[in-house]
Amino acid sequence: MNFTTRPEITGTFGVATSTHWIASAVGMKILEEGGNAFDAAAAMGFALHVVEPHLNGPLGDLPLMIRPAGADAPLMICGQGTAPAGATIEHYKSEGLTLIPGSGLLATVVPGAFGAWMLMLRDHGRLPLRSVLEPAIYYARTGHPVLPRVVDTIDGLAEFFRDEWPTSYATWLPGGATPVPGALFTNPALADTWDRLLAEAEAVEGRAAQIEAAKRAFYEGFIAEAIDSYLREACVMDAAGGRRKGVLTGQDMAGWKATYDETLSVDYHGWTVWKGGPWSQGPSMLQSLMTLAGLDLQAMDLNGAEFVHTVTEVMKLSFADREAYYGDPLHSDIPIEKLLSEEYAALRRGQIGDEASHEQRPGPVAGREDWADAFVARAGQNLASGPGVGAGEPTMAHLTERRGDTVHIDVIDKWGNMVSATPSGGWLQSSPVVPGLGMPLNSRAQMFWLDEGLPTSLAPGRRPRTTLSPSMAATNGVDLAFGTPGGDQQDQWQLIYLLRLIHGGLNLQEGIDAPLFHTGHLQSSFYPRATRPGHLMLEPAFGDAVIGDLRGRGHDIELAEPWTVGRLTAASRDRSGMLKAAATPRLMQAYAVGR
């Protein structure tokens, strides 16, 4: 076995892995108390709101992939909220916008994460809601050692918060002082919110009834009322440099609910791989696998230039299709069957050359030429103006402290229940805190376009095409749950990871520790929606020879700092009941726990 930065965790009772050690420990606590993977994952999610508030929050969004023990395939629970009734292209353009800002109140859709957690808990959990929420309440009330990255995010926006978002100033700089890294940090308003929600839920009898009461308190009761009341008057600075009011209402929240969604899958070298639908970017990874299936990756050095070049060029094609053709399938006729077909993969395979492509090349789809043409026309343009204050860009390409990001959770229990979840949104740097709640709104609407006729055009009731993309896979009696934060990088890093497990025979931790890469060639899903043609970021562990070879092929190389690309976690279970888990050492936050 190769040296790894930490052991691959093994056991039979349960494994929990996430992007923060406290959340992983909370997950194990819930399993020890008799909870299952669904209870544990939810408790981890609520804890992550507290300890990683720059990466996710209670008013964010959530794709939640679950596989109950014995199920033939996983399901997705869609916690991606929809655009409000007032979110029309006409209204946004009347506000002087050509692009939806990455921060501020017009960037908000209905907050979906809470509803997704509650749907999963009601139908699949075992423990009472109080058991799930108590760890988050504890850390919000009594404090947690605040991460240096949280402090840096707050400190960098201190003046902006003070001058423009006073509710955020009061929450994140209590007493007017920036928190000290490692010191205990509290969010008493958030603890109060959850305490009140529990009190209202527990006023009724029965576990399922209490969860339903909690949903009502959130989407129709005091939380929705606080959001509605605030947004009626609030007019705040956003990333486009103007003060604008939001359009989300309590009525929008009351009319939304989380739903079950079928997953998509492909078979690749004896594995079945499942992803979310085209309202996520998940199918891009499936497209990449279909294209790669006809190439001899087994013969390649998985840390060599040929592998990096081939995978990068395939991802460029898949992400061009993502940008041209993906969107909410409830509102547009997405040609997903064609995009995942063997014939289409063969066509795309023929477009891979020896040199790095610097073009955006969506594939041909009959009847969708206007979608492809619109993408190619806008790609590469300077789409936004304005200072971009507080917008953040959810990638983890560097240790750039003020950028937003996401978190990830994988849990498997002794019965074989599995969860892979990628909570995000509601970042402290992207929207002001709602008074009295201790939580900011999300900014997922920035993924819509203000151009008519596209599957990603802004429209009331439509889901934005999110980047959030948990994964599951299976082969020969082994089930795998995995994922990562990272915005547009999620289905790049996950693809690379899975290919190394399949073709390299690496264990979960070896695969995570291997050097990573990604491309910024694609059109960013985040304001200001830039492209970087030919871009390729590499960790220096690939070595000078590989990096030089790739530069010679025409890749625009950006060298990352060591150990800064990717935030993968993973967990698996085999037929014997052996559980395994791993977490990235990068950024020194993630941890896997198990026994």
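- Between K275 and S471, the side chains place a donor N or O and an acceptor N or O closer than 3.5 Å (distance only, hydrogens not considered).
- Atom CE in M120 sits 7.5 Å away from atom CG in D39 (nearest 0.5 Å).
- Rounded to the nearest 0.5 Å, atoms CZ (R586) and OG1 (T5) are 8.0 Å apart.
- Note on ring orientation: taking the six-membered ring where Trp is involved, the planes of H124 and Y260 are perpendicular (angle over 60°, cut-offs 30° and 60°).
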- Query: How far apart are the C-alpha atoms of V419 and M44, what are their side-chain angles, what is the distance that settles it, and do they pass the side chain to side chain contact (heavy atoms under 4.5 Å, CB included) test?
  - Reply: CA-CA 11 Å; V419 178; M44 294 165 74; over 6 Å; no
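- Taking a 6.0 Å sphere around OH of Y497, one finds it holds more than 12 heavy atoms contributed by other residues, nucleotides or ligands.
- The 12-atom threshold is exceeded at CD of E33, counting heavy atoms of other residues, nucleotides or ligands nearer than 6.0 Å.
- Environment of CZ in F222: crowded, with over 12 heavy atoms of neighbouring residues, nucleotides or ligands closer than 6.0 Å.
- Annotation: F114 is in aromatic contact with W194 [ring centroid separation under 6.0 Å].
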Original post:
What do the steps show when you test R216 against E212 for salt bridge (Lys or Arg N to Asp or Glu O under 4.0 Å), and what is the final call?
Top reply: CA-CA 6 Å; R216 285 194 300 274; E212 287 299 311; 5.0 Å; no
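- The existence of a salt bridge linking K245 and E95 is excluded, since no basic side-chain nitrogen approaches an acidic carboxylate oxygen closer than 4.0 Å.
- For T17 and D410, the side-chain atoms include no donor-acceptor pair closer than 3.5 Å.
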Query - CA sep, side-chain torsions, deciding dist, call: M237, F160, side chain to side chain contact (heavy atoms under 4.5 Å, CB included) - result: CA-CA 9 Å; M237 182 69 74; F160 179 77; 3.7 Å; yes
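- Checking S424 against R444 by side-chain atom types alone, a donor-acceptor pair falls below 3.5 Å.
- At a cut-off of 3.5 Å, with distance as the only test, a side-chain donor of S18 or S24 sits close to an acceptor on the other residue.
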Let me see the working for L105 and D238 under side chain to side chain contact (heavy atoms under 4.5 Å, CB included), right down to the final yes or no.
CA-CA 7 Å; L105 303 178; D238 60 34; over 6 Å; no
Between Y230 and L437, is the side chain to side chain contact (heavy atoms under 4.5 Å, CB included) condition met? List the steps. CA-CA 11 Å; Y230 174 59; L437 297 184; over 6 Å; no
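- Within 6.0 Å of atom CD in E32, more than 12 heavy atoms from other residues, nucleotides or ligands are found, so the atom counts as buried in its surroundings.
- Because its NZ or CZ atom is both nearer than 6.0 Å to the ring centre of Y591 and within 45° of the ring axis, R6 counts as a cation-pi partner of that residue.
- Under a 4.0 Å N-O distance rule, the pair R232/D228 qualifies as a salt bridge.
- With values rounded to the nearest 0.5 angstrom, R462 atom CZ is found 6.5 Å from H331 atom NE2.
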request  = Give the C-alpha distance, both sets of side-chain angles, the deciding distance and a yes or no for side-chain hydrogen bond (donor to acceptor under 3.5 Å, both in side chains) between D488 and T467.
outcome  = CA-CA 6 Å; D488 294 307; T467 52; 5.7 Å; no
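- A distance of 8.5 Å separates CE of M439 from CG of N187, quoted to the nearest 0.5 Å.
- With no hydrogens or angles considered, a side-chain donor-acceptor pair links T19 and E52 at under 3.5 Å.
- In this structure, W117 and A421 approach most closely via the heavy-atom pair CH2-CB, 4.0 Å.
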